[in-house]
Amino acid sequence: MSDRSWDHIQWAFQECLSPSCRVRIGIDELHVACPGCGSLLDVRYDWDRVPVPTRLGEFESRWADRRDPLNVSGVWRFRELLPFAPLESVVTIGEGQTMLRQSRSVERFVGLDEGGLYLQHEGLNPSGSFKDNGMTAAATHAGMVGATLAACASTGNTSASLAIYSSATGVFDCLVFIGSGRIAFGKLSQALDFGAHTLQIEGNFDDALQQVREVCRREKIYLCNSVNPFRLEGQKTIIYRILEGLDWEPPDWIVVPGGNLGNAAAFGKALAELRDLDLIDRVPRLAVINAAGAATLFDLFELHSVRWNDGVTDDATIASYYQAMQEEDRTASTLATAIEINRPVSLKRCLRSLDICDGVVRQVDDAEILDAKAQVGAGGFGCEPASAASVAGARLLRAEGVIAAGDRVVCILTGHQLKDPNTTVAYHSSRPGAVDESLVSRGVEAVRFTNQPSAVANDIDDLLELIRRR
Ligand code: F0G
């Protein structure tokens with residue numbers, strides 16, 4: 001493939017998601033929504049002009065080149081599939097060097113035949129979550145438009161990711177807005193350590209997002225939440241790496257936790273583009289898994305049958321759902337704090353993905369999430385609670401018979417095990433019938449796979465006896 005010679009600007013543009021608007025804007029402009037109708041934006045390309053390889057396998061050779069940062073990056077080595085940036089503008093810290101791995105024990109837990117389950121370990125990113133895939137793209141675009149200050153609202157991982165790109169590259173300073181009290185300590189510690197100006201708002205994630213959008217609009221600050229369509233361009237590469245891990249043969253299912261729905265949105269876009277470019281001949285099915293305490297997508301899609309419908313979504317049903325949520329004072333509540341979100345901003349983009357991928361949505365409760373997380377840990381990976389929703393969801397879909405025993409299934413592990421050690425220790429300190437108070441107070445009454453530490457005297461005989469009895 002030829003490199004560094006293409007004139008990117010002419011074939012890339014931003015386009016409004018709404019079919020009745022479809023306004024086009026240059027990629028050099030900075031908007032957090034369509035200036036015409038307020039809908040979300042997409043980054044789009046005139047693919048006929050992009051030198052896309054004729055086979056996905058052509059991307060593989062770049063792995064061998066460890067000296068070029070653009071080839072080391074698991075995002076930018078697929079640069080022809082997100083061609084919005086001049087290569088000299090790319091901001092990378094080696095993100096996306098993540099792996100598709102297998103674990104027989106987790107596979108058994110899910111109920112799949114041998115060899116059927118794959119775990120895409122996005123916790124291996126520099127800041128420990130999948131967010132770096134998108135943040136490298138947003139940081140690149142921020143540099144292209146000359147931003148010196150960037151901001152995001154976050155349940156923790158987006159803020160850690162923005163903070164690492166700010167401190168590691170010096171392209172911009174950053175502000176992170178977080179809700180009070182509900183951010184896992186691993187993530188908060190990252191934002192602080194990377195030097196982000198951290199604003200802890202009295203309120204939840206949805207409040208923080210509303211405020212950051214307004215602040216960015218008024219102050220012309222670069223917004224890095226997934227309303228920013230450039231971020232999703234980077235997150236498409238998770239799909240490319242999955243396909244690469246499977247020798248470019250699409251799996252039957254991709255299962256992903258759903259929070260603000262940026263990932264689900266990016267996955268559908270990536271797969272539709274690959275299909276339209278004739279680079280894959282089959283689109284896998286998508287399963288988006290909500291935590292039961294934060295199940296807006298599940299409610300709207302599965303209970304109220306809200307569909308993409310060629311972009312003509314049933315907005316009245318969506319509005320009345322949110323209205324009732326407000327009147328009944330229902331707010332999201334789950335131990336999987338990363339996905340504790342009431343009003344997912346990429347809802348409509350996600351509906352589009354579910355349409356593209358013949359998708360389903362399920363909800364799993366916190367006990368199911370924590371048990372699945374313990375299985376992932378015992379299987380040799382480790383992930384944070386929200387990530388394990390994918391494994392718990394795959395298990396549920398398998399039990400329902402929606403996923404067949406012989407299917408090939410990829411679960412996305414979105415964040416690293418060390419993001420939320422408090423929940424992990426509380427889980428493993430529990431016993432059947434004596435669940436840790438911090439979990440009981442959040443509605444978890446039973447746990448299945450705990451691994452308690454053994455208390456023992458500082459005495460060699462006691463120690464040896466304990467070890468021999470084990
Ligand atoms: N898993 C983890 C570990 C997350 O941090 C998030 C989102 C999700 C899943 C859900 O992904 O929003 O694309 O549906 N975390 C955001 C944050 C909201 O602020 O870090 P999504």
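Start at 1 and go down the list; that is how both ligands and their atoms are numbered. Since the structure is predicted, the reported quantities are computational estimates derived from the model, not experimental observations.
Of the listed options V256, T414, N225, T414 places a heavy atom closest to atom 9 (C) of ligand 1. Relative to atom 4 (C) of ligand 1, the option among G179, A338, A264 with the closest non-hydrogen atom is A338.
Heavy atoms of I341 come nearer than 4.0 angstrom to ligand 1 in at least one pair. Taking a 4.0 Å cut-off on heavy atoms, G258 registers as neighbouring ligand 1.
For atom 20 (O) of ligand 1, the closest heavy atom belonging to the protein is T158 N, 2.8 Å. With respect to atom 7 (C) of ligand 1, the closest heavy atom belonging to the protein is K131 NZ, 3.0 Å.
On a distance-only criterion, I339 and ligand 1 share no N/O pair closer than 3.5 Å.
Geometric assessment of R24 against the ring of F13 yields a positive cation-pi assignment under the 6.0 Å and 45° thresholds. The side-chain tip of R182 does not point at the ring of F205 from less than 6.0 angstrom away and within 45° of straight on.
Each of the atoms 12 (O), 14 (O), 21 (P) of ligand 1 lies under 4.0 Å from some heavy atom of N260. The atoms of ligand 1 that sit less than 4.0 Å from any heavy atom of N263 are 13 (O).
A salt bridge links E302 and R362; the closest N-O separation between the charged side-chain nitrogens and carboxylate oxygens is under 4.0 Å. The pair K131-E122 does not meet the salt-bridge criterion, since no charged nitrogen lies less than 4.0 angstrom from a carboxylate oxygen. Using a cut-off of 4.0 Å between Lys/Arg side-chain N and Asp/Glu carboxylate O, D436 and R442 are scored as not salt-bridged.
Between L335 atom CG and N422 atom CG the span is 11.0 Å, to the nearest 0.5 Å.
Of the heavy atoms in E384, only side-chain atoms (C-beta onward) come closer than 4.0 Å to ligand 1. At a heavy-atom cutoff of 4.0 Å, ligand 1 is contacted by no atom of Q235, backbone or side chain.
With hydrogens and angles ignored, the 3.5 Å screen pairs no side-chain donor or acceptor of N125 with any backbone N or O of S127.
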